[in-house]
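For the numbers below, each heavy atom of this structure counts, side chains included, while hydrogens, waters and symmetry mates do not. On a predicted model such as this, the values are computed, not experimentally measured, just so you know.
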Amino acid sequence: MGTRENGIKALALMGELFGLLAKGSPWPGFKCGVTETEYNECLGAMHQARIKNTWFTEDNIRTALKGWGEALEEKKLIKWTEDFKLVTEPKVIGVVAAGNIPLVGLHDVISVLMSGHKLQIKLSKDDTDLMLMALFLLKKFNVEWEDNIQLAPMKLSGFDAVIATGSNNSARYFEEYFGSYPNIIRKNRTSVAILDGSETDKELEGLADDIFIHFGMGCRNVSKIFLPVSYDLNKVTGALYKYKDAVHHNKYGNNYDYHKALYLMNGDDILENGFMLFKEGKELHSPLSVLFYEFYDDQSVLREKLRAMDDQIQCIVSKKDIAFGKAQKPELWDYADGINTFKFLAEL
């Protein structure tokens with residue numbers, strides 16, 4: 001069995017294990033690929049992640065693991081990798097991982113390994129335990145990767161190319177430090193939704209997930225909605241109600257109170273439902289606990305305007321684009337920023 005086949009087998013097994021962990025299932029036996037002790041250590045890593053980063057609630061971690069479990073199905077892995085050949089001269093690829101949502105850096109990791117390169121990774125302090133768990137499983141499930149995974153405790157060194165993800169501020173540093181190397185440098189992006197007024201209750205509930213999963217901290221989370229003129233915003237606020245308990249989360253609640261006070265002091269017109277603020281405006285990137293909205297007359301004109309802001313938008317949710325409720329469920333080939341990571345790695 002070749003390297004590609006071994007990699008697919010390893011990732012599919014990790015996906016199955018993630019699915020079990022997401023459900024909180026007891027150890028099912030050695031068929032899951034790990035011992036009972038190792039399985040319990042994975043559960044322990046989930047617990048430690050919650051302690052160290054309170055944004056990583058149990059629900060958010062389980063949601064991330066479930067998503068990865070669904071993405072790492074064997075048939076999807078075959079589809080993802082079938083068009084790319086393994087590199088013949090492996091290089092060291094430095095990865096600076098983000099930590100805004102659980103396991104957000106995993107796609108870059110498996111892209112590097114599946115392409116045949118060697119990985120040197122600088123983990124985010126906000127997502128260390130879960131990523132270390134994943135790296136352990138990758139080594140365990142595919143011995144070919146044991147020597148191809150290296151942790152960078154302080155900073156990257158001795159690399160041939162870089163994939164770095166961060167804020168707009170950190171991107172400036174990345175461009176200065178890594179600019180002379182082949183690179184993918186990702187900046188802040190956000191996602192938007194376009195409603196046409198015909199959405200069903202189920203679709204609006206899906207929109208609520210797109211807005212609120214991971215507290216809205218991911219680049220695929222919807223931070224702004226576009227509504228047809230005269231649309232009743234109460235339809236959206238009502239769909240969000242299933243996330244009402246978010247305001248009891250200490251950090252989220254603090255953001256909600258802060259931005260509410262700020263808007264009131266500034267005399268801004270806002271709507272609120274007790275756990276989220278709604279503000280009309282032209283901006284795309286809303287603060288945490290705030291959803292921006294804007295009315296439109298002509299959807300074709302709106303889409304032309306959005307095309308001009310393509311470098312700020314990760315994805316669009318609508319009846320014509322990504323389906324409602326699917327923004328935080330990307331497939332392996334839904335590359336961040338629209339940059340094909342696998343193609344970049346294959347052509348080095």
N266 side chain to D268 main-chain N or O, any donor-acceptor pair under 3.5 Å?
no
Which word best sums up how the rings of Y181 and F159 line up, parallel for under 30°, tilted for 30 to 60°, or perpendicular for over 60°?
tilted
For atom CG of D201, is the number of surrounding heavy atoms from other residues, nucleotides or ligands below 6.0 Å larger than 12?
no
E74 atom CD, neighbour heavy-atom count above 12 within 6.0 Å
no
Sort and list the pairs that fulfil salt bridge (charged side-chain N to carboxylate O under 4.0 Å, His left out) and have at least one residue in residues 87-113, not counting sequence neighbours.
D108-R186
Between V317 and L233, is there a shared hydrophobic cluster once you connect ILVMFWY residues whose side-chain heavy atoms come closer than 4.5 Å?
yes
Could you walk me through whether D321 and S318 pass the side-chain hydrogen bond (donor to acceptor under 3.5 Å, both in side chains) check?
CA-CA 5 Å; D321 303 277; S318 79; 2.5 Å; yes
A side-chain contact here means heavy atoms from C-beta on lying under 4.5 Å apart; do V34 and E41 qualify?
no
Taking the side chain from N168 and the backbone from N188, do they hold a donor-acceptor pair closer than 3.5 Å?
yes
More than 12 heavy atoms of other residues, nucleotides or ligands under 6.0 Å from NZ of K279: is that the case?
yes
Would you call the rings of W27 and F30 parallel, tilted or perpendicular, where under 30° means parallel and over 60° means perpendicular?
perpendicular
Should E176 and R172 count as an ion pair when the cut-off is N to O under 4.0 Å?
no
Can you measure from NE2 (H285) to CD1 (I313) and round to the nearest 0.5 angstrom?
8.0 Å
Can you confirm whether or not the ring centre of H107 sits under 6.0 Å from the ring centre of Y335?
yes
Is it true that a side-chain atom of N6 and a backbone atom of N142 form a donor plus acceptor pair closer than 3.5 Å?
no
For K224, is there an ion pair with E283 - N to carboxylate O distance below 4.0 angstrom?
no
When rounded to the nearest 0.5 angstrom, what distance separates CG in L17 from OG in S25?
10.0 Å
If you define the side chain from C-beta out and look only at heavy atoms, does anything of N273 sit under 4.5 Å from Y241?
no
Output for pair (L119 CG, I110 CD1), nearest 0.5 Å, gives 11.5 Å
Taking side chain as C-beta onward, heavy atoms only, is H47 less than 4.5 Å from I51?
yes
Check whether S223 reaches the backbone of L284 with its side chain - one donor and one acceptor, N or O, closer than 3.5 Å.
yes
Do the side chains of L20 and Y39 get nearer than 4.5 Å, heavy atoms only?
yes
Contact check, side chains of F84 and T81, non-hydrogen atoms, under 4.5 Å:
no
To the nearest 0.5 Å, what is the distance between CG on N255 and CG on L277?
10.0 Å
With D210 via side chain to side chain donor-acceptor pair (under 3.5 Å) - residues at least two apart:
none
Tell me, yes or no, whether the heavy-atom count around K251 atom NZ, taken from other residues, nucleotides or ligands under 6.0 Å, exceeds 12.
yes
N-O pairing of K260 and E272 below 4.0 Å
yes
Cluster question for you: counting only ILVMFWY and a side-chain heavy-atom cut-off of under 4.5 Å, with indirect links fine, are I163 and V92 together?
no
Could you give the distance from CD (E175) to OG (S180), rounded to the nearest 0.5 Å?
12.5 Å
Candidate list K319, K235, K326, test salt bridge (charged side-chain N to carboxylate O under 4.0 Å, His left out), partner E203, passing option:
K319
Min side-chain heavy-atom separation I93-K118 under 4.5 Å:
no
Less than 4.0 angstrom from a charged side-chain N to a carboxylate O is my criterion; do K202 and E205 meet it?
no
Counting distance only, does the side-chain N/O of S289 pair as donor-acceptor with the main-chain N or O of F275 below 3.5 Å?
no
I211 with F226, same ILVMFWY side-chain cluster at under 4.5 Å:
no
Okay, side chain of N221, backbone of G218: is any donor-acceptor separation there less than 3.5 Å?
yes
Salt bridge check: are E38 and K140 linked by an N-O gap of less than 4.0 Å?
yes
Y243: ring pair (Phe, Tyr, Trp, His ring centres under 6.0 Å) partners, not counting sequence neighbours:
F212
Any side-chain heavy-atom pair from K125 and K52 closer than 4.5 angstrom?
no
No-hydrogen, no-angle side-chain donor-acceptor test under 3.5 Å, D59 and T57
no
Are Y173 and N169 close enough that some pair of their side-chain heavy atoms sits under 4.5 Å apart?
no
K242 NZ: over 12 foreign heavy atoms closer than 6.0 Å:
yes
Does a sphere of radius 6.0 Å around NZ in K305 hold more than 12 heavy atoms from other residues, nucleotides or ligands, not counting ones at 6.0 Å or beyond?
yes
Give a yes or no on this: more than 12 heavy atoms of other residues, nucleotides or ligands lie within 6.0 Å of atom CG of D269.
no
Just wondering, are more than 12 heavy atoms of other shown residues or ligands nearer than 6.0 Å to CZ in F295?
yes
Should L195 and L204 be marked as a side chain to side chain contact (heavy atoms under 4.5 Å, CB included) after you check the CA-CA gap, both sets of side-chain angles, and the distance that decides it?
CA-CA 9 Å; L195 282 68; L204 291 177; 3.9 Å; yes
Roughly how far apart are L227 CG and I194 CD1, rounded to 0.5 Å?
10.5 Å
